[in-house]
Amino acid sequence: MPYRLTVIGTGYLGITHAACMADLGFDVLGLDIDADKIRRLQAGELPIHEPGLEPVLRRGLESGRLRFTTSYEEAAAFGDVHFLCLGTPQKAGEYAADVSYLDRAVESLAPHLTRDCLVVGKSTVPVGTAARLAEKLTLLAPVGLGAELAWNPEFLREGFAVKDTMHPDRIVIGVTSERAEKILRDVYEPLGEVPMVVTDFPTAELVKSAANAFLATKISFINAMAEVCEASHADVKQLSEALSYDDRIGGRYLNPGLGFGGGCLPKDIRAFMARAGELGADQALTFLREVDAINKRRRARMVDLARELAGGSFHGCTVGVLGAAFKPNSDDIRDSPALDVAATIGHQGGQVTVYDPIALDNARKAHPHLSYAISALDAARGANVVLLLTEWQEFIDLDPEELGGVVATRKIVDGRNALNAETWRSAGWHYRALGRP
Ligand code: NAD
């Protein structure tokens with residue numbers, strides 16, 4: 001009989017995992033403590049923006065294979081395999097990750113586990129968390145050792161979450177028994193041939209931290225080169241193109257610009273540093289401090305460039321901001337560089353109007369003091385300076401003549417190096433970009 005799955009924590013990761021697993025043919029029960037979210041999901045309404053996910057959710061509901069609940073008792077009775085997809089945000093005032101949501105979930109689930117099952121952590125956690133949670137699980141579950149833990153870090157990218165879940169480039173599982181390995185091999189079998197790394201808990205946990213540290217480093221590397229280009233009147237866009245032809249380097253994650261944000265990379269590299277410190281290996285990761293610092297400096301540099309174009313001060317200056325999401329094709333505004341820049345300019349006296357194709361509702365809730373527009377043209381109307389901060393395709397496709405018709409002055413800072421500088425300059429725009437002359 002195929003396994004019945006539960007997915008605990010239905011956020012960006014959990015909803016995707018639950019809907020895709022149902023699509024693969026499993027019976028899935030999603031659980032969250034947010035009753036409103038569960039009500040919306042059960043009604044087929046996606047509480048997040050993720051391209052292609054809503055039809056998968058609806059198919060699951062219509063097939064009867066996907067349901068949602070707020071009851072841990074029901075989840076425990078239903079599931080053979082329980083996936084933990086809880087958030088692990090940065091703790092307030094420190095670098096470490098707050099893993100308490102995982103602890104609460106295990107404490108809520110375990111007392112109802114009266115038959116053998118596998119609990120599978122998918123959240124990104126500091127190394128050592130899985131071993132600690134495994135002990136807690138066995139201690140609290142009436143079935144004792146019959147409730148086993150495995151760790152299966154998730155690598156999906158927002159904006160490509162469905163594709164990444166259905167066609168992962170690798171699956172990593174940390175297990176302590178052949179039984180756990182067999183169950184996870186069975187669960188992922190419908191995905192077909194996917195490289196699988198079977199390892200222990202700490203290695204599985206570290207793979208995710210290491211992957212994010214590498215990606216963050218690559219982005220900050222090219223942004224550090226942008227700083228040197230700015231100082232030497234060189235062009236980082238051409239520099240990155242020339243580097244990308246070297247297949248030892250590769251062009252991905254090598255786009256100079258405003259840097260990374262979101263609910264993963266920034267907090268994950270900080271949590272990684274904090275954990276290494278606890279383990280006495282802090283020296284190994286001191287370079288990540290610099291990676292983080294370079295990333296934050298790009299935001300400050302963006303504000304400086306905008307102020308320069310505004311004539312030295314934002315007072316009396318109208319600024320049109322294109323983009324609020326931390327990256328295109330997402331409504332996620334967690335640690336969004338775009339909103340960070342917009343808010344800073346607002347604090348420095350600028351009259352800021354923001355437009356984003358999808359993330360406006362989230363942005364409005366987080367930054368109610370900023371003004372919001374219903375289109376790019378609307379945001380740019382009367383602007384002394386326009387800032388492109390999230391590289392949505394709709395912004396890349398903007399007609400410089402049409403936009404030029406609504407602004408007060410044709411000045412634009414391209415924070416993502418996404419526009420064709422020549423096209424904009426020949427339409428009479430004063431075009432500036434990070435890392436370019
Ligand atoms: P999220 O904040 O969107 O979702 C977490 C969900 O857990 C929320 O819906 C919340 O209501 C729910 N929750 C909180 N406490 C709960 C409890 N006690 N019981 C049940 N549900 C509870 O977070 P996310 O972005 O989905 O990330 C989840 C984890 O996955 C994090 O560790 C993250 O680093 C990792 N991850 C995320 C992504 C991504 O692209 N978002 C990719 C890979 C890994």
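Whatever order the structure lists them in is the order used to number ligands and atoms, beginning at 1.
A donor-acceptor contact under 3.5 angstrom links the side chains of Tyr12 and Asp331, judged on distance only. Between the side chains of Ser177 and Glu148, at least one donor-acceptor pair of N or O atoms lies under 3.5 Å.
Summarising the local packing, CZ of Phe221 is surrounded by 12 or fewer heavy atoms from other residues, nucleotides or ligands at distances under 6.0 Å. At most 12 heavy atoms of other shown residues, nucleotides or ligands fall within 6.0 angstrom of atom OH in Tyr101. With a 6.0 Å radius and a threshold of 12 heavy atoms from other residues, nucleotides or ligands, Glu107 has its CD atom above the threshold.
Where the criterion is an N or O separation shorter than 3.5 Å, residue side chain and backbone included, Tyr72 meets it with respect to ligand 1. Any N or O atom pair closer than 3.5 Å counts here, and Glu158 shares at least one such pair with ligand 1. Taking any N or O of Glu154, backbone or side chain, none lies under 3.5 Å from an N or O belonging to ligand 1. At least one N or O atom of Thr124 sits closer than 3.5 Å to an N or O atom of ligand 1.
Remark: among candidates Asp32, Leu265, Asp332, Leu102, the nearest residue to atom 6 (C) of ligand 1 is Asp32, based on non-hydrogen atoms. Proximity annotation for atom 9 (O) of ligand 1: of Lys37, Glu107, Lys122, Lys37 comes nearest, heavy atoms only.
Distance from atom 23 (O) of ligand 1 to its nearest protein heavy atom, with residue and atom name: Arg334 NH1, 3.6 Å.
Contact analysis puts Lys208 in contact with ligand 1, with a non-hydrogen atom separation below 4.0 angstrom.
Among Val413, Val321, Val354, the one residue that satisfies the side-chain contact (heavy atoms from CB on, under 4.5 Å) test with Leu389 is Val321.
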